Student: 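Pasting in a structure now, in structure tokens, and then I'll have a few things to ask.
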Amino acid sequence: MSAQGIRLSTSARADTSHQLVTRLDRLPVDGINNDIARGYVPGAVQFGSFGERDFPGEAFEEMIWSDGTYNVPPVTGIQLSFSSTSADDSASGTGIRSIELHYLNANLEEKIEIVTLNGLTAVLTSATDIRFVNLMHINTAGTQSIAQGNIQGSNNGLVYCSILAGFNVQISSARMVPKNKKFYVAGATAGAISGTSAARVLIRFVANAYNGLTFNDPIIFLPYGSIGIQDSTVVYQFPVPFAFGEGIVVGLRASCDKGCIVTGGLYGWLEDA
């Protein structure tokens with residue numbers, strides 16, 4: 001008879017799940033985070049973000065994401081128009097031929113749409129109620145596995161999501177929490193590279209909610225904490241995870257005094273509210 005044990009995982013609602021496991025399953029229990037990754041906590045899944053931004057010079061309070069001004073669609077949602085700065089990002093091109101869009105609709109429900117690109121010619125999404133794009137990545141490609149130009153999703157002249165040339169996924173530290181979910185932010189990473197310029201960088205952990213209030217129209221980001229770095233990388237585990245409810249946008253913003261490349265990401269999990 002093989003040795004066995006009981007694994008216990010407790011959610012935020014104090015529900016407890018029990019699973020009979022063998023000692024090959026790494027007893028004793030080594031934390032709820034690992035059990036979420038193993039799929040042992042019902043209603044909980046990994047969730048996080050990764051952003052990167054190349055600042056050509058001094059910047060103040062800029063979201064760590066692909067590039068340019070960071071815009072958030074209105075609460076009613078919008079239709080997006082996709083195009084690339086290269087003709088090679090198209091249905092028969094050598095670059096990215098189609099992208100997979102992971103978004104929340106006006107009801108904050110998680111949806112997926114595949115968009116086939118047509119180079120410099122704009123292509124509209126079927127969805128007309130896109131509230132927030134959490135992730136956008138390559139779906140099919142030609143002989144190259146990366147974008148040959150900058151692929152952008154826009155509406156009325158404002159860019160809401162993008163994949164830069166040389167990449168195959170949108171790089172963004174910002175995420176919106178889906179309907180009936182809570183985002184537990186367990187930690188964050190931040191880094192800066194400037195070489196001989198030795199840029200000083202301040203990174204702030206932000207959200208559009210504070211003290212029970214949510215700022216959606218217009219969206220306003222408030223800081224929850226900050227860290228200063230200079231040609232270094234920091235990984236920080238929050239002693240107690242931050243919890244954010246549906247419709248809240250969480251991200252990282254950076255300020256710097258010189259040109260540099262800044263990275264930043266959040267990690268944690270989604271759980272049923």
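Predicted, not measured: the structure shown is a model, and the values here were computed from it.
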Student: Is a donor on one side and an acceptor on the other found under 3.5 Å between the side chain of T125 and the backbone of L80?
Tutor: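 Checked: pair present.
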
Student: Main chain of T121, side chain of N118: is a donor-acceptor contact present, judged purely on distance under 3.5 Å?
Tutor: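 A pair under 3.5 Å: no.
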
Student: Calculate, to the nearest 0.5 Å, the distance between atoms CZ and OG belonging to F55 and S255 respectively.
Tutor: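 Separation between the atoms: 8.0 Å.
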
Student: Quick one: are H102 and V133 in side-chain contact, heavy atoms under 4.5 Å?
Tutor: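 Counting from C-beta outward, H102 and V133 never come under 4.5 Å.
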
Student: Does G95 offer a backbone N or O that forms a donor-acceptor pair with the side chain of D88 under 3.5 Å?
Tutor: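 Looks like no, no N/O pair under 3.5 Å.
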
Student: Just so I know, are the side chains of I114 and I99 near enough to count as touching, which here means a heavy-atom distance under 4.5 Å?
Tutor: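 Answer no - side chains too far apart.
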
Student: Closer than 3.5 angstrom, by distance alone: can the side chain of R131 be matched with the main-chain N or O of P73 as a donor-acceptor pair?
Tutor: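 Side chain of R131 to backbone of P73: a pair is present.
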
Student: Is a donor on one side and an acceptor on the other found under 3.5 Å between the side chain of T128 and the backbone of Q79?
Tutor: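 Not a single qualifying donor-acceptor pair exists.
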
Student: Please tell me if the side chains of T189 and T263 come closer than 4.5 Å, counting only heavy atoms from C-beta onward.
Tutor: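 When only atoms from C-beta onward are counted, T263 and T189 do not touch, as no gap falls below 4.5 Å.
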
Student: Is the closest basic N to carboxylate O distance between D89 and R97 below 4.0 Å?
Tutor: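 Here D89 does not pair with R97 in a salt bridge, since their nearest N and O are not under 4.0 Å apart.
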
Student: Check the hydrophobic clustering (I, L, V, M, F, W, Y; side-chain heavy atoms under 4.5 Å; chains of links allowed) and say if V234 and L252 are grouped together.
Tutor: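 Per the 4.5 Å side-chain linkage, V234 and L252 are co-clustered.
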
Student: For I261, does its backbone N or O pair with a side-chain atom of D54 as donor and acceptor, under 3.5 Å?
Tutor: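 No; judged by distance alone, with no hydrogens or angles, the pair does not exist.
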
Student: Measure the CG-CD1 distance between L222 and I220 for me, rounded to the nearest 0.5 Å.
Tutor: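 Interatomic distance, L222 CG to I220 CD1, rounded to 0.5 Å: 7.0 Å.
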
Student: Looking only at non-hydrogen atoms, find the nearest pair between A254 and V262 and report the distance.
Tutor: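 Reported closest heavy-atom pair: CB-CG1, 4.1 Å.
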
Student: K111 versus D129: any side-chain heavy-atom pair under 4.5 Å?
Tutor: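 The answer is no; the side chains never approach within 4.5 Å.
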
Student: Check this for me, if you would: do R204 and E61 make a salt bridge, where the nitrogen-to-carboxylate-oxygen distance has to be below 4.0 angstrom?
Tutor: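 A salt bridge links R204 with E61.
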
Student: Between the side chain of N168 and the main-chain N/O of S145, is any donor-acceptor distance below 3.5 Å?
Tutor: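 Checked: pair present.
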
Student: Could you tell me how the ring of F242 sits relative to the ring of F238: parallel (under 30°), tilted (30 to 60°) or perpendicular (over 60°)?
Tutor: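 Ring orientation of F242 relative to F238: perpendicular.
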
Student: Would you confirm whether E109, through its side chain, and L104, through its main-chain N or O, come within 3.5 Å as a donor-acceptor pair?
Tutor: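 Not confirmed, E109 side chain does not pair with L104 backbone.
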
Student: Working to the nearest 0.5 Å, report the span between CD of E113 and CD of E100.
Tutor: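 Going from CD on E113 over to CD on E100, the span is 10.5 Å.
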
Student: Same hydrophobic cluster for L164 and F50, using side-chain heavy-atom links shorter than 4.5 Å among ILVMFWY?
Tutor: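 Yes; tracing contacts between hydrophobic side chains, which count when under 4.5 Å, links both residues.
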
Student: With distance as the sole test, does S98 use its side chain to make a donor-acceptor pair with the main-chain N or O of T140 at under 3.5 Å?
Tutor: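 Here the side-chain-to-backbone pair exists.
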
Student: Between Y40 and N34, is the side-chain contact (heavy atoms from CB on, under 4.5 Å) condition met? List the steps.
Tutor: CA-CA 9 Å; Y40 292 158; N34 289 340; over 6 Å; no

Student: Can you label the angle between the Y184 ring and the W269 ring as parallel, tilted or perpendicular, going by 30° and 60°?
Tutor: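 The arrangement is parallel - the two ring planes meet at less than 30°.
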
Student: Going through the checks in order, is the side chain to side chain donor-acceptor pair (under 3.5 Å) test met by D272 and N180?
Tutor: CA-CA 6 Å; D272 292 341; N180 297 327; over 6 Å; no

Student: Would a single hydrophobic cluster contain both I163 and Y160, if residues Ile, Leu, Val, Met, Phe, Trp and Tyr are joined by side-chain heavy-atom contacts under 4.5 Å?
Tutor: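 Per the 4.5 Å side-chain linkage, Y160 and I163 are co-clustered.
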
Student: Backbone N or O of T85 within a donor-acceptor pair of the N150 side chain at under 3.5 Å?
Tutor: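 Looks like no, no N/O pair under 3.5 Å.
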
Student: Which pair of non-hydrogen atoms, one from Q230 and one from A198, has the smallest distance, and what is that distance?
Tutor: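 Reported closest heavy-atom pair: NE2-O, 3.1 Å.
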
Student: Nearest 0.5 Å, please: how far is OG in S83 from CG in L124?
Tutor: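 Reported value, rounded in 0.5 Å steps: 10.5 Å.
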
Student: Under 4.5 Å between side-chain heavy atoms, hopping through other hydrophobics if needed: is there a path connecting V250 to I227?
Tutor: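 Result: yes, single cluster for both.
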
Student: Take atom NZ in K182; do more than 12 heavy atoms of anything else shown fall under 6.0 Å from it?
Tutor: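 For K182, atom NZ is not crowded (no more than 12 foreign heavy atoms under 6.0 Å).
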
Student: Can you confirm whether I96 sits close enough to I146 that some side-chain heavy atom of one is under 4.5 Å from a side-chain heavy atom of the other?
Tutor: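 The answer is no; the side chains never approach within 4.5 Å.
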
Student: Answer yes or no: is there a side-chain heavy-atom contact under 4.5 Å between I36 and R38?
Tutor: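 Of all side-chain heavy-atom pairs linking R38 with I36, none is under 4.5 Å.
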
Student: Can you name the nearest heavy-atom pair linking G264 to I64, along with the distance?
Tutor: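 Smallest interatomic distance, heavy atoms only, reads N-CG2, 4.0 Å.
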
Student: Decide, yes or no, whether a salt bridge links R53 with E62 under the criterion of side-chain N to carboxylate O below 4.0 Å.
Tutor: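 Yes.
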
Student: Test ring-ring contact (aromatic ring centres under 6.0 Å, His included) on F244 and F183 and set out the steps.
Tutor: CA-CA 5 Å; F244 297 96; F183 180 21; 7.1 Å; no

Student: Got D35 and N33 here, is their nearest side-chain heavy-atom distance under 4.5 Å?
Tutor: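 Contact flag for D35/N33 side chains = no.
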
Student: L101, F132: one ILVMFWY side-chain cluster at the under-4.5 Å cut-off?
Tutor: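 No, separate clusters.
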
Student: Do Y210 and Y224 have ring centroids that are under 6.0 Å from one another?
Tutor: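 Yes, the ring of Y224 comes within the 6.0 Å limit of the ring of Y210, centre to centre.
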
Student: Set out, in order, the CA-CA distance, both residues' side-chain angles and the distance that settles side-chain contact (heavy atoms from CB on, under 4.5 Å) for Q170 and W65, then state yes or no.
Tutor: CA-CA 8 Å; Q170 173 172 270; W65 84 303; 3.9 Å; yes

Student: Using a 4.5 Å cut-off on heavy atoms from C-beta on, say whether the side chain of N139 contacts that of H137.
Tutor: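 In short, these two side chains do not touch, never coming nearer than 4.5 Å.
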
